[in-house]
Every structure is written in structure tokens, then in C-alpha cells.
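Following: one structure in C-alpha cells, then a few remarks.
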Amino acid sequence: IGFNDSYIKDEELLEIGNSILSKYDEIKKEGYDLPTFFEFITILAFIYYSKIPNLDLVLVEVGMGGRLDATNVITPLMSVITNVTLEHTKILGDTLEKIASEKLGIVKANSYLISGNIDNSLVEQFDKYASSLNTVHIRSALKAVEIKKMDINSSDVTIDGHEFVLGLSGLHQIENALCAYSCLETLKTIDEKWKKALSYEIYKRGFLKTEPNVHYFMYNDGTPFYYLGDTHWTFLNEEFDEAGDHADDLECESHFKYI
């Protein structure tokens, strides 16, 4: 939870968190379940942002799926679905179509849906769902993109004729950048103030300074190593649990840099 380049302050976290906890007895008396950890954090975030004067935009990331997610109580300017893969299948469903249905649950009427590199088999499903809500579906994967360089440190790309250097490496990050680019371009059509405020120079600075928040894992013998975002933490634990003795040979060093 943060605002611009700063995290929520400890005192703000405590104040809002304690105000939520003070309602627990009342929640129990009413016969409701207490919030889960993620629900608690979501409530805390919404209260935090409601207290910031002249707030322009808030980026809210879904925890899992979308339709039944704790964050799905807002009416956003636009909804973004970067991709649909076979993940959390025990909860979201065992096919791409079922998982897509859960993710599409975040899309609201008369707004915008930005999709990333979704499977071709899902395009019609996305189009029909958006159409049923009178919502515009924008496929960022259809943007004209040229990859000039891609290595472990960065990527040089051209999107719609504009050159950018991405501070994040990998093809998936280029796909994510296309989503971000599409969001920014769509913002310009929503309100004149964004058309005036957003320039391609701002895009360039933002793409360049965005760096990963990752954990670094390596065996004592130096191989193999993993360079993963912390959203893969559970998967990584499961993987090393299956690895048996190798799990005891890990040296872990966490690196945190949020932009």
C-alpha cells in the first residue's frame, strides 16, 4: 500500500488497522465472519486512499481471480487482464474459459477492458462479455510493437512508432508494458486533463525507472538460481518441498526495490 514513491507510514497503518479491529466485536454480534487477512488489507487500503486529498488514480491489484475477490467492490475507470493461464485451478476452474470467466468478473458496465496477450480461443469470450456491459474491449497485443533488444537487464522496444527502454526484462514484461501503454492512451480519451498531463516523455521515464521486486534464490553450489517476483513465493516453496534435500541447501537473500 503506497502513494507515489512512498509506502503507507507505520503510524497510518496502525491507526487505520486499529480502527478496523475496533469493529470486530460488532461484526461478531451481527453474525458475520471476520475479515480474512487479504480482506483486512483491502479495507485498510481503501480507507487509506480515501483520506488522501486530490487523489488522481489508484491502481488496485486483484488477489485471485476477480469475480469474488475482495477488491471487486469498486467501479474502476478501466479493468486490466494481462493474461489468462491455468493457475489456482482448484478455486478458479480447470479450463482457460472458466478462469477467464472469473477474471472478467472485475469488468464493469460502460467502462474499458484492457486485455494483454490472451489466448486466441478467449478473444470471443472477452468481446462478448465486454459488449454485454457496453464496455470497450481494447486488445493491447494488437499494438504495433518492434523488439530491438531484449536481455537480462532491459528491453528496447518501439510501440506505435515510439521508442522506449524498459527497466524490466523478458518478453512477458514487454507484454505488460503494452498493457500499461494501452491504459495510458485510453486515459487520454476519458478526460482532457490526462491528454494534457500525459506525454510520451513521461511514458519513457516511467518505463525506464520501473524495476522488479524480486527474491533471489541459489543453491550452495551456485546453480540453479531463481529470479522471481514474490507472487511466485508459494509455488517456489512447493517446488523446493518436492526437491527434498535440495531445499536444505538454499541460500536466500531478499532484495526489495519498489518503484
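What's counted below: heavy atoms across the whole structure, side chains too, no hydrogens, waters or symmetry copies.
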If you take all heavy atoms of Ser155 and Gly170, which pair is closest and at what distance?
OG-N, 4.1 Å
Full working for side-chain hydrogen bond (donor to acceptor under 3.5 Å, both in side chains) between Asn117 and Asn83:
CA-CA 6 Å; Asn117 188 23; Asn83 59 23; over 6 Å; no
I'd like to know whether NZ of Lys188 has more than 12 heavy-atom contacts from other residues, nucleotides or ligands below 6.0 angstrom.
yes
In terms of hydrophobic clustering (I, L, V, M, F, W, Y; side-chain heavy atoms under 4.5 Å; direct or indirect links), are Val80 and Val145 co-clustered?
yes
Student check: side-chain heavy atoms of Val157 and Leu166 closer than 4.5 Å:
yes
When hydrophobic residues are tied together by side-chain contacts of less than 4.5 Å, even through go-betweens, does Ile174 share a cluster with Ile159?
yes
Under a 3.5 Å threshold, yes or no: a donor from one side chain and an acceptor from the other, between Asp69 and Thr71?
yes
May I ask you to test the Met78-Ile190 pair for a side-chain heavy-atom distance under 4.5 Å?
yes
Between the main-chain N or O of Ser154 and the side-chain N or O of Asp151, is there a donor-acceptor pair closer than 3.5 Å?
yes
So, taking the atom named OG1 in Thr158 and the one named NZ in Lys143, what distance separates them when rounded to the nearest 0.5 Å?
14.5 Å
With a 4.5 Å heavy-atom cut-off, do Glu97 and Leu122 have their side chains touching?
yes
Are Lys196 and Glu192 within salt-bridge range, i.e. N to O under 4.0 Å?
no
Can you name the closest pair of heavy atoms from Leu113 and Thr135 and give their distance?
N-CG2, 3.7 Å
Output a table of donor-acceptor pairs, distance under 3.5 Å, between side-chain atoms of residues 16-33 and any protein atom two or more places apart or on a different chain; print 'none' if there are none.
{"residue": "Asn18", "atom": "ND2", "partner": "Leu14", "partner atom": "O", "Å": "3.1"}
{"residue": "Ser19", "atom": "OG", "partner": "Ile16", "partner atom": "O", "Å": "2.6"}
{"residue": "Ser22", "atom": "OG", "partner": "Ser19", "partner atom": "O", "Å": "2.6"}

Between Glu185 and Lys195 (salt bridge meaning N to carboxylate O under 4.0 Å), is one present in this structure?
no
Which residues pass the ring pair (Phe, Tyr, Trp, His ring centres under 6.0 Å) test with Phe126, not counting sequence neighbours?
His137
Enclosure of Leu59 CG (heavy-atom neighbours >12, cutoff 6.0 Å):
no
How are the rings of Tyr200 and Tyr203 set to each other: parallel, tilted or perpendicular (split at 30° and 60°)?
perpendicular
Do Leu77 and Leu57 have side chains that approach each other closer than 4.5 Å (heavy atoms only, starting at C-beta)?
yes
Under the side chain to side chain contact (heavy atoms under 4.5 Å, CB included) rule, what do Ile8 and Leu44 come out as? Steps first, then yes or no, please.
CA-CA 10 Å; Ile8 182 174; Leu44 195 152; 3.8 Å; yes
Could you tell me whether Lys204 and Glu163 make a salt bridge, using a distance below 4.0 angstrom between a side-chain N and a carboxylate O?
no
Test salt bridge (Lys or Arg N to Asp or Glu O under 4.0 Å) applied to Lys9 and Glu15, step by step:
CA-CA 10 Å; Lys9 296 178 181 177; Glu15 178 185 353; over 6 Å; no
Can you get from Ile81 to Leu96 by hopping between Ile, Leu, Val, Met, Phe, Trp and Tyr side chains that sit under 4.5 Å apart?
yes
Nearest heavy atoms of Ser182 and Ser140, plus distance in Å
OG-CB, 3.1 Å
Working for ring pair (Phe, Tyr, Trp, His ring centres under 6.0 Å), residues Phe37 and Phe40
CA-CA 5 Å; Phe37 174 76; Phe40 182 94; 7.4 Å; no
Within a reach of under 6.0 Å around NZ of Lys128, are more than 12 heavy atoms found that belong to other residues, nucleotides or ligands?
no
Going only through I, L, V, M, F, W and Y residues with side-chain contacts under 4.5 Å, is there a path from Phe3 to Phe46?
yes
Can you name the residues that form a ring pair (Phe, Tyr, Trp, His ring centres under 6.0 Å) with His88, not counting sequence neighbours?
none
Should Val58 and Ile47 be counted in the same cluster of Ile, Leu, Val, Met, Phe, Trp and Tyr side chains packed under 4.5 Å apart?
yes
